[in-house]
Amino acid sequence: MSTSTRTLTESALDLADRWVEATTAGETPQEKRTTGRLAALVSDPDGLALAVRFVDRVARPEDVHVAARELAGLTRYTGAAGSFLGPLDRALLTLGAAFAPALPRLVVPAARIRLRQLVGHLVADAGAGLGAHIAKARAEGFRLNLNLLGEAVLGETEAGSRLARVRALVERPDVDYVSIKVSAVASQLSTWDTAGSRERVVARLRPLYVAAAHHGTFLNLDMEEYRDLALTVQVFEQLLMDPELLHVEAGIVLQAYLPDAVAALDELTEIAARRRAAGGARIKVRLVKGANLAMEKVEAELHGWEQAPYRTKPEVDANFVRLVDRALRPERTSDVRVGVASHNLFHVAYAHLLAAERG
Ligand SMILES: Cc1cc2nc3c(=O)[nH]c(=O)nc-3n(C[C@H](O)[C@H](O)[C@H](O)COP(=O)(O)OP(=O)(O)OC[C@H]3O[C@@H](n4cnc5c(N)ncnc54)[C@H](O)[C@@H]3O)c2cc1C
């Protein structure tokens with residue numbers, strides 16, 4: 001490790017500590033309670049299992065009888081719930097699990113309402129309450145990047161409906177930043193026909209990008225699985241080199257858990273340079289570690305392939321720092337704006353200090 005890297009690392013440790021102190025010092029009692037509950041939930045393996053099961057199996061099913069049966073099956077987690085649910089919620093969960101099969105129409109909606117109350121500060125409802133949620137966050141000094149939750153679409157009807165809902169978000173006067181995914185706007189994307197998939201996705205996204213430009217909304221193309229990497233970069237390039245969109249700044253994500261991210265960063269930098277030379281705007285690249293490790297593993301196992309992401313966390317962390325170091329160079333930042341998205345304060349602090357050092 002060079003002296004400058006060592007000094008920067010030590011400074012990053014100090015800065016991360018100071019951020020944590022500043023955050024906890026400014027917390028309201030309500031925030032302290034919700035942060036404490038969330039920390040207890042994620043540090044308890046049963047807590048995470050309960051949360052995922054509740055959301056996937058009780059909150060999601062359209063049929064209340066299915067949801068009720070699943071709610072009844074949650075009793076084996078109520079013991080663990082002691083670490084993150086208060087006595088009242090624990091009692092409600094036990095009662096709900098016991099009465100759900102007999103009174104599904106009463107118990108399931110009540111359980112869903114309570115869930116919304118508990119996670120309302122984490123996930124906003126895209127329906128009627130969104131305006132108030134955005135206004136409140138703005139008033140507190142936050143800038144929001146909205147992401148319409150949902151998995152990859154399976155059919156064209158759903159793809160059209162998702163695109164229409166994203167467009168409605170983009171066109172809202174109180175929204176200025178929206179994230180989208182290629183797999184949410186076109187179904188059955190083929191990895192054997194990247195060019196065909198690109199044409200299909202671009203045809204869907206172009207009107208959205210034109211609308212976003214018109215409304216002053218920033219669009220970011222999120223990255224999902226390895227198989228979407230080449231497609232997403234190509235879609236991004238085709239959209240951003242379109243003469244009508246040349247002056248629009250837009251973003252894309254790169255995942256450090258993919259060894260291929262370094263080459264992709266170079267490719268995007270080259271696209272950005274060409275765009276700037278043609279009189280266009282900069283692009284933004286958001287660096288993340290990658291959220292779909294489990295899915296990548298399943299995909300690799302099913303096909304008997306080597307998994308696309310690195311196999312260990314240290315390798316991923318090292319690649320993240322490598323990407324940050326590579327991206328934050330004046331010859332690149334003139335064309336590429338760099339975003340660093342991580343919950344890991346040490347890495348955010350490192351990137352922050354490196355950016356300052358490099359001017
Ligand atoms: C604002 C924002 C936007 C984001 N956008 C995207 C996006 O578009 N696409 C996307 O994929 N993710 C996105 N993420 C999520 C991100 O990729 C990470 O999954 C998440 O932030 C956790 O990583 P971390 O750096 O915060 O935490 P850390 O705890 O430092 O790192 C956790 C990450 O390390 C990696 N990891 C952990 N264990 C292993 C292992 N055994 N082998 C290999 N790798 C391992 C995984 O990538 C895991 O997510 C976003 C996150 C934020 C905050």
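Note that ligands are numbered from 1 as they come in the structure, with each ligand's atoms numbered from 1 the same way. Hydrogens, waters and symmetry mates are skipped; everything else that's a heavy atom, side chains included, is used.
Polar contact check, R311 against ligand 1: a nitrogen or oxygen pair lies under 3.5 Å apart. Residue contacts with ligand 1: A341 is placed with no nitrogen or oxygen under 3.5 Å of a nitrogen or oxygen of the ligand (distance criterion only). For the pair K289 and ligand 1, the shortest N or O to N or O distance falls below 3.5 Å. Below 3.5 Å of separation, one finds no N or O of K297 facing any N or O of ligand 1.
Heavy atoms only, all atoms of each residue included: D325 and L354 are closest at CA-CD2, 3.8 Å. The shortest heavy-atom contact between L328 and A351 is CD1-O, 3.7 Å. Between A159 and V153 the shortest heavy-atom distance is CB-CG2, 3.7 Å.
Applying the 6.0 Å contact sphere to CZ of F99 captures no more than 12 heavy atoms from other residues, nucleotides or ligands. In F346, the CZ atom is not crowded: 12 or fewer heavy atoms of neighbouring residues, nucleotides or ligands sit closer than 6.0 Å.
The atoms of ligand 1 that sit less than 4.0 Å from any heavy atom of Y257 are 47 (O). With ligand atoms numbered from 1 in the order given, ligand 1 contributes 10 (C), 11 (O) to contacts under 4.0 Å with heavy atoms of Q255.
Among protein heavy atoms, the minimum distance from atom 12 (N) of ligand 1 is reached at A291 CB, 3.4 Å. For atom 29 (O) of ligand 1, the closest non-hydrogen atom on the protein side is K313 CE, 3.8 Å. The protein heavy-atom contact nearest to atom 39 (C) of ligand 1 is L293 CD2, 3.6 Å. The nearest protein atom to atom 48 (C) of ligand 1, hydrogens excluded, is given as G290 O, 3.8 Å; this is a heavy-atom distance. When hydrogens are left out, the protein atom nearest atom 24 (P) of ligand 1 is S342 OG, 3.5 Å; that is the closest non-hydrogen contact. Here the protein heavy atom with the shortest distance to atom 44 (N) of ligand 1 is V316 CG2, 3.2 Å. Nearest to atom 9 (N) of ligand 1 among the protein's heavy atoms is M223 O, 2.9 Å. When hydrogens are left out, the protein atom nearest atom 50 (C) of ligand 1 is V288 CG1, 3.8 Å; that is the closest non-hydrogen contact.
N220 and N145 are not linked by any side-chain donor-acceptor pair at a separation below 3.5 angstrom, with hydrogens and angles left out of the test.
Residue contacts with ligand 1, taken as heavy atom pairs separated by less than 4.0 Å, involve R286 solely via side-chain atoms from C-beta onward. When heavy-atom distances to ligand 1 are checked against a 4.0 Å cut-off, T312 comes that close only through its backbone atoms N, CA, C and O. Proximity of N344 to ligand 1, defined as any heavy-atom pair under 4.0 Å, is shared by backbone and side chain alike. At a 4.0 Å heavy-atom cut-off, ligand 1 touches D222 through backbone and side chain alike. With a heavy-atom cut-off of 4.0 Å, Y310 touches ligand 1 through its backbone alone. Here H343 has heavy atoms under 4.0 Å from ligand 1 in both its backbone and its side chain.
At least one side-chain heavy atom of N292 sits less than 4.5 Å from a side-chain heavy atom of Q255.
How far CD1 of I271 is from CE of M241: 8.0 Å, rounded to the nearest 0.5 Å. Note that CG of L229 and CD1 of I252 are 8.0 Å apart. Values are rounded to the nearest 0.5 Å.
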